[in-house]
Protein chains: 2
Amino acid sequence: MKTVTEKGEILKLSTKGRYGLRALIDLAQHSDEGPVSIVSISERQEISERYLEQLVSLLKKAGLVRSVRGAGGGYMLAKKMEDISVGDILRALEGSLKPVECAGLEPDGSCAASESCVTKYVWQRINESIARTVDEIYLDQLVEESRKMNPEGTNTEQRGCRN
Amino acid sequence: MKTVTEKGEILKLSTKGRYGLRALIDLAQHSDEGPVSIVSISERQEISERYLEQLVSLLKKAGLVRSVRGAGGGYMLAKKMEDISVGDILRALEGSLKPVECAGLEPDGSCAASESCVTKYVWQRINESIARTVDEIYLDQLVEESRKMNPEGTNTEQRGCRN
DNA sequence: TCATTTCCTAGTTATTTACTAGGATTTCCT
DNA sequence: AGGAAATCCTAGTAAATAACTAGGAAATGA
């Protein structure tokens, strides 16, 4: 299942962020039925098992999910849905969300010209604006939204969606 | 002059956007002395001549600068500084600024699941927030800002800054 | 005519992305 | 005990992309 990443698009989220968010929403939606396995998410979302494994492991490392090993095991949310923001999720998956690093950090001597750096001003504002946006969307809102769109049973899910 | 792109940073602007914006600010600052040549920008900003050429050509294609060929030639702004937004500049250099494409477009049949696509909601909001931010910063503000920081003659410029 | 500039296209190298692969470990179930 | 079903962990790899480099044509002023 090779990904077709749109051409000419920069500043784009990688499949990690895109698949990972979808996976976590899926997990959240099925979290009342006990631990959710990679295989089941993989089937519903049509994302490679092995790759999903890695993404979920990032979410775990970030403390967003916890796992139960062994047969019948799987993953479950480590916090309440209303306490997990899209920012938490994307940062766990993508690293930082800053299009340009530097913007503020000098202690390590990263940018000597930082004093006279005009563009810094721009990168800072972009960073802040993205942060503000993703930090005010929470998982419970997305699950809610999703329930409204695909009311129980009408389970088309996001099959094959690359985003 | 190989670029050291910070690790672990995703959603990042490419050197096109970063160098290109710096170049255009430089150009704007020297635009009262007639056409500004690639060589001169290249020297001041320490960006490869050949590479800069390509970046500036993108800015030209987008109608932000115009050129004078031949000896003594160079580039000059095609519009007033207050009519060129950072959004115009970055879009000219980077293509679109949407971290995730799809978010809204179906006519061409891009995303079949779009109806039931929850994450679309997220990508849309991120896209909008970036757009709003970059479209409200204008070139004249940056030039002004830069004048304040590096008052005439104190020309440290952004030498060697990778952003 | 010659130096200086933009213009245009193609080639190249290094990095990064998006996976795939293999196998160890844990746990439940019979 | 033993096997199936899971997570866990590390490494490898092919394709795509980014970041340049290279070569030369065309225009223009001195």
Side-chain angles (χ1 to χ4, degrees), chain A residues 1-20 22-23 27 34-43 45-61 65-76 78 93-95 99-100 162-163, chain B residues 1-20 22-23 27 34-43 45-61 65-76 78 93-95 99-100 162-163:
Chain A
M1 186 176 49
K2 288 284 172 211
T3 316
V4 184
T5 348
E6 261 90 346
K7 272 281 295 275
E9 300 309 328
I10 276 149
L11 232 178
K12 59 170 165 295
L13 262 87
S14 68
T15 51
K16 279 186 196 164
R18 310 209 306 278
Y19 294 1
R22 268 199 317 155
L27 194 154
V36 183
S37 74
I38 292 285
V39 191
S40 72
I41 301 179
S42 162
E43 277 166 2
Q45 300 296 328
E46 290 186 336
I47 299 170
S48 139
E49 245 175 82
R50 289 315 188 102
Y51 194 39
L52 241 189
E53 212 172 83
Q54 295 177 6
L55 304 186
V56 176
S57 124
L58 289 170
L59 296 172
K60 190 190 173 186
K61 214 177 297 174
V65 301
R66 57 201 175 80
S67 61
V68 180
R69 299 184 71 169
Y75 293 91
M76 44 223 309
L93 295 160
E94 303 270 6
V100 174
R162 319 277 82 228
N163 297 310
Chain B
M1 186 177 48
K2 289 284 170 209
T3 316
V4 184
T5 347
E6 261 91 348
K7 272 281 295 278
E9 300 308 331
I10 277 152
L11 230 181
K12 60 173 164 294
L13 262 87
S14 68
T15 51
K16 279 186 196 166
R18 311 208 306 275
Y19 293 2
R22 263 174 53 209
L27 194 154
V36 183
S37 74
I38 293 285
V39 192
S40 72
I41 301 179
S42 162
E43 277 166 0
Q45 301 295 329
E46 289 184 338
I47 299 171
S48 139
E49 245 174 85
R50 288 315 188 102
Y51 194 40
L52 240 188
E53 212 171 82
Q54 295 177 6
L55 305 186
V56 176
S57 126
L58 289 171
L59 296 173
K60 192 192 172 186
K61 215 178 296 178
V65 302
R66 57 202 173 80
S67 61
V68 181
R69 299 183 71 169
Y75 293 89
M76 45 225 304
L93 295 161
E94 303 269 5
V100 174
R162 319 276 83 227
N163 297 311

Pair assignment for D:dT17, Watson-Crick or G-U wobble, requiring both distances under 3.5 Å:
C:dA14

Kindly compute the distance separating [atom1] ([X]) from [atom2] ([Y]), expressed to the nearest 0.5 Å.
X     : Y     : atom1 : atom2 : value
B:E53 : B:S42 : CD    : OG    : 10.0 Å
B:L52 : B:I47 : CG    : CD1   : 4.5 Å
A:L55 : A:T15 : CG    : OG1   : 7.0 Å

Take atom [atom1] of [X] and atom [atom2] of [N], then tell me their distance rounded to the nearest Å.
X     : N      : atom1 : atom2 : answer
A:I41 : D:dA5  : CD1   : P     : 18 Å
A:I47 : C:dT20 : CD1   : C1'   : 16 Å
A:Y51 : D:dC8  : OH    : P     : 18 Å
A:L58 : D:dC9  : CG    : P     : 12 Å
A:L55 : C:dA18 : CG    : C1'   : 10 Å
A:L13 : C:dT17 : CG    : C1'   : 13 Å
B:L52 : D:dC20 : CG    : P     : 11 Å

Whether each nucleotide of nucleotides 2-10 of chain C has a protein heavy atom under 4.0 Å at its base (B), only at its sugar-phosphate (S) or at neither (-) is summarised, 5' to 3', as --BBBBB-B

With no hydrogens and no angle check, is any side-chain donor or acceptor of A:E94 less than 3.5 Å from a backbone partner on A:G17?
yes

C:dA18 phosphate, OP1 or OP2: any side-chain N/O from A:S48 under 4.0 angstrom?
no

Residue pair A:Y19 / A:E46, side-chain heavy-atom distance below 4.5 Å:
no

Heavy-atom closest pair, residues B:V65 and B:V56
CG2-O, 4.1 Å

